[in-house]
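Structure record follows, encoded as structure tokens.
In this text, all values refer to a predicted model and were calculated from it rather than measured experimentally.
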Amino acid sequence: MAFDFQILTDKLLDYNYEPSVSVIGLNTAYMCTVLKLVEKDNIMTFEINESMRNKLIIKTQNHQDHRDSRTELELIEPETSESKAIKFESGAYITMKADEFYKLISNIKVTCDLVKITCSEKTVGFQGMGQVINCKFDYTYENEEDDKGNGITIKMTDEDVPIVVGLYSIENILKFKKCTKIGTRIQFYIAQNSLLCLMHSVGDIGTFKAIITPVRDQKYDNQDEEDEINYSDDE
């Protein structure tokens, strides 16, 4: 998995920029622990200075009771020395209610470990893949969204690719279930047997993206993409 944090600079109170750019690595578990300790009315400052280049210094200020705090978080070496932009090739963008998306994935997790997402111009399908049980949910929506933010929108990026399919770990997707607290809508992108990108808007200050790699499993790769699961009303 990979993460992409985008913060709009015009939403920050103050920032300083220098032309030189450095790629840093953070342990997200430790970072989230630090953020949980910050009160909502505090002003937070991030620093990396020349004398402590292996640490991220996080300072908070509370002007109401004049309390200041300082936390030092050790940096880790990025896996690559060069930061590469993630290129989205032919695929599909789907926007829907975040709680509906994560509820559906949670229901599939009861019996399955993997989910195959299939998208065409007006249909999104979620098929659970388990060792014993398979389940399938197909939803057909108009490409419309009402004033209350209900419904779903689907945008195919390439007319020559009418359908895209990807297989992903349910456990990895549900790691971001709590992101429903930062916004009611989720936009996710899938490409043919490639990345799944979950995108959450953080109010009007920026966007959080989580990149999930597809599962490569010979057992499921051999299945026909057009396989249908038939249900009988008599059973």
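Every side-chain contact (heavy atoms from CB on, under 4.5 Å) that Leu75 has, sequence neighbours left out, goes to Ile24, Leu26, Ile48, Leu56. Among residues two or more places apart in sequence or in another chain, the salt bridge (Lys or Arg N to Asp or Glu O under 4.0 Å) test is passed with Glu72 by Arg70. In terms of the salt bridge (Lys or Arg N to Asp or Glu O under 4.0 Å) criterion, Lys177 has no residue partners (sequence neighbours excluded).
Residues Gln192 and Ile163 approach most closely at OE1-O, 3.5 Å, considering heavy atoms. The heavy-atom pair separating Ser106 from Leu174 by the smallest distance is OG-CD2, 3.6 Å. Met156 and Glu121 make their closest contact through CG-CA, 4.0 Å (heavy atoms, listed as atom of the first residue, atom of the second, distance).
Other residues, nucleotides and ligands contribute over 12 non-hydrogen atoms within 6.0 Å of the CD atom of Glu47. Within a 6.0 Å sphere centred on NZ of Lys55, other residues, nucleotides and ligands contribute more than 12 heavy atoms.
Leu167 contributes atom CG, which lies 11.0 Å from atom CD1 of Ile190 (distance to the nearest 0.5 angstrom). Separation of atoms CD1 (Ile94) and CD1 (Ile117) is listed at 7.5 Å; rounding is to 0.5 Å.
Not a single donor-acceptor pair under 3.5 Å links the side chain of Gln61 to the backbone N or O of Asp68.
Under the 30°/60° scheme for interplanar angles, the aromatic rings of Phe176 and Phe208 are found to be tilted.
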